[in-house]
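Take a look at the structure set out below.
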Protein chains: 2
Amino acid sequence: MATRTRRSQRRTDALTRERIVEAAVELLDSAGDGGLTFKTLTERLKTGPGAIYWHVANKDELLEAATDGVVAAALAVEPDGTPRDEIRALAFSLFDAIDEHPWLGTQLAMQFSRNPWGTVVPRIFESIGRRVRGLGLPESSWFIATSALVHYILGAAGQNAANARSAGRGVNRAEFLDATSKAWERLSREDYPFLHAIADQVREHDDREQFVAGIDFILAGVITDRSAT
Amino acid sequence: MATRTRRSQRRTDALTRERIVEAAVELLDSAGDGGLTFKTLTERLKTGPGAIYWHVANKDELLEAATDGVVAAALAVEPDGTPRDEIRALAFSLFDAIDEHPWLGTQLAMQFSRNPWGTVVPRIFESIGRRVRGLGLPESSWFIATSALVHYILGAAGQNAANARSAGRGVNRAEFLDATSKAWERLSREDYPFLHAIADQVREHDDREQFVAGIDFILAGVITDRSAT
DNA sequence: ACCTGAACACCGTTCAAGT
DNA sequence: ACCTGAACACCGTTCAAGT
């Protein structure tokens, strides 16, 4: 108890990189994509912009660190089960992370398209790729299989989050799916026959079930590829 | 000749939405992602910001229109061949468009993650999905198959463009692949065994060949899925 | 070493005023 | 109906000055 008290007395008020990143994540979570500015950040941390720039090079680095932290946590799944099971688990974990932090979809897309050599992209590739290696494919298809899985996971999860976000907090899944369906039906039938054809299907699907179905047939394609070689 | 002259005399100086979008695309092409501002745009069009706002609601709408225009052109491939061939052709067309307009990768990611109900996303889904429908799958997997293909295509093409861009204009493919490979090898070997394992492979691969290999095994997965049903 | 906060350059957007 | 351009609110970033 004495040490407890002493510990809590040792004030951790000092600004650190971690505290800044933590605050950034909280702001993004509560106020969305545009909620993180140096104004909101300095208000929350009760400092000036200069103090933040002492710990962080610029806003891009801050966004990368915030994204990286959330992603790293999501990728820390217990390593048991077959490679296939673990890939599924990682996919769901990323899916849930994007669902929980809607800004993550946009940020991940950004990291992939303008900062592929940063920390986030290698981390995701490594995590999925390590399991892909366990599938017994020829080495020549490791990268392409990993790439297909990663792009599908992030794309599908991100789109799901985008839809969910645009539906608003109070609206439930069914209403939002109905809205998507209706949006597609509003498009011209001649120009968009396919979207009209699947509009009904979208109304009554299960997001996660459909999501994992996509994973499964990418895996099926990989396996087929293996037997063909 | 007379009509020729008269035609060129009929000055098309008037500001139109199309001219604005056209100028936006040119600015993005020549100056990259950050090259489009209202300042550069008004300078090029010799007007004030108010004139642009008369034709376009805001910058987001302008970016959507610019993206949509380039995408629509890329998707206009001649409709002959098997569904499989046409999917491949569309994929390459999008790949090339992103390669030619590097800003497109980021913009497409943005459209998908924050504006999925705009014009761009439905257009791409429709275009790929229409061919997926021709593959003879059960209707229940149309959407998921299309989704996997679209996300893979945009993700892989975008990443390729991002890499190519970060390599710079003067640097050739081999040097840039070498740089990627080296970047991965700089990562800790314990934390990133997979990236180390494929670092060599990346050095001597063919982008387009690898890209279409990904398409092919997603298609293989889809077909496998069909026979399993 | 770490923080303050005024100042700077730039950005998207608005709007009263013109034609 | 279409355009002008000054003005506004806001943004990321810098830096001389403090402790």
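Lettering follows sequence order; numbering is per chain, from 1.
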Return the value, rounded to whole Å, for the distance between atom [atom1] of [X] and atom [atom2] of [N].
{"X": "B:Glu43", "N": "D:dG5", "atom1": "CD", "atom2": "P", "answer": "13 Å"}
{"X": "A:Lys46", "N": "C:dG5", "atom1": "NZ", "atom2": "P", "answer": "13 Å"}
{"X": "B:Trp54", "N": "D:dG5", "atom1": "CH2", "atom2": "P", "answer": "18 Å"}

- With no hydrogens and no angle check, do the side chains of A:Ser113 and B:Gln159 hold a donor and an acceptor under 3.5 Å apart?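 On atom types as modelled, these side chains do not qualify, holding no pair under 3.5 Å.
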- Message: If only side-chain N and O atoms count, and only distance matters, is there a donor-acceptor pair under 3.5 Å linking A:Arg203 with A:Ser181?
- Response: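 Their side chains do contain a donor-acceptor pair, which is all the 3.5 Å distance test asks for.
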- Message: With a 3.5 Å limit on both atom pairs, tell me what D:dC11 is paired to, counting Watson-Crick and G-U wobble, or say none.
- Response: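 Its partner: none found.
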- Watson-Crick or G-U counterpart of D:dA16, or none if no pair lies under 3.5 Å: C:dT4
- Ignoring backbone atoms, establish whether A:His55 has a side-chain N or O less than 4.0 Å from OP1 or OP2 of C:dC3.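 The answer is yes; a side-chain N or O of A:His55 sits under 4.0 Å from OP1 or OP2.
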- Ring centre gap for B:Phe211 and B:Phe95 strictly below 6.0 Å: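 Yes: the rings meet the under 6.0 Å criterion.
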- Can A:Val150 and A:Phe112 be said to form a side chain to side chain contact (heavy atoms under 4.5 Å, CB included), step by step? CA-CA 11 Å; A:Val150 169; A:Phe112 267 76; 3.6 Å; yes
- Should the pair A:Phe125 and A:Phe143 be assigned to parallel (<30°), tilted (30 to 60°) or perpendicular (>60°) ring geometry? parallel
- Task: Search all heavy atoms of A:Arg123 against all heavy atoms of A:Val71 and return the closest pair with its distance.
- Result: CD-CG1, 4.1 Å
- Encode nucleotides 6-18 of chain C as B, S and - characters from 5' to 3', where the letter depends on protein heavy atoms closer than 4.0 Å: B to the base, S only to sugar-phosphate, - to neither. B----SSBBB---
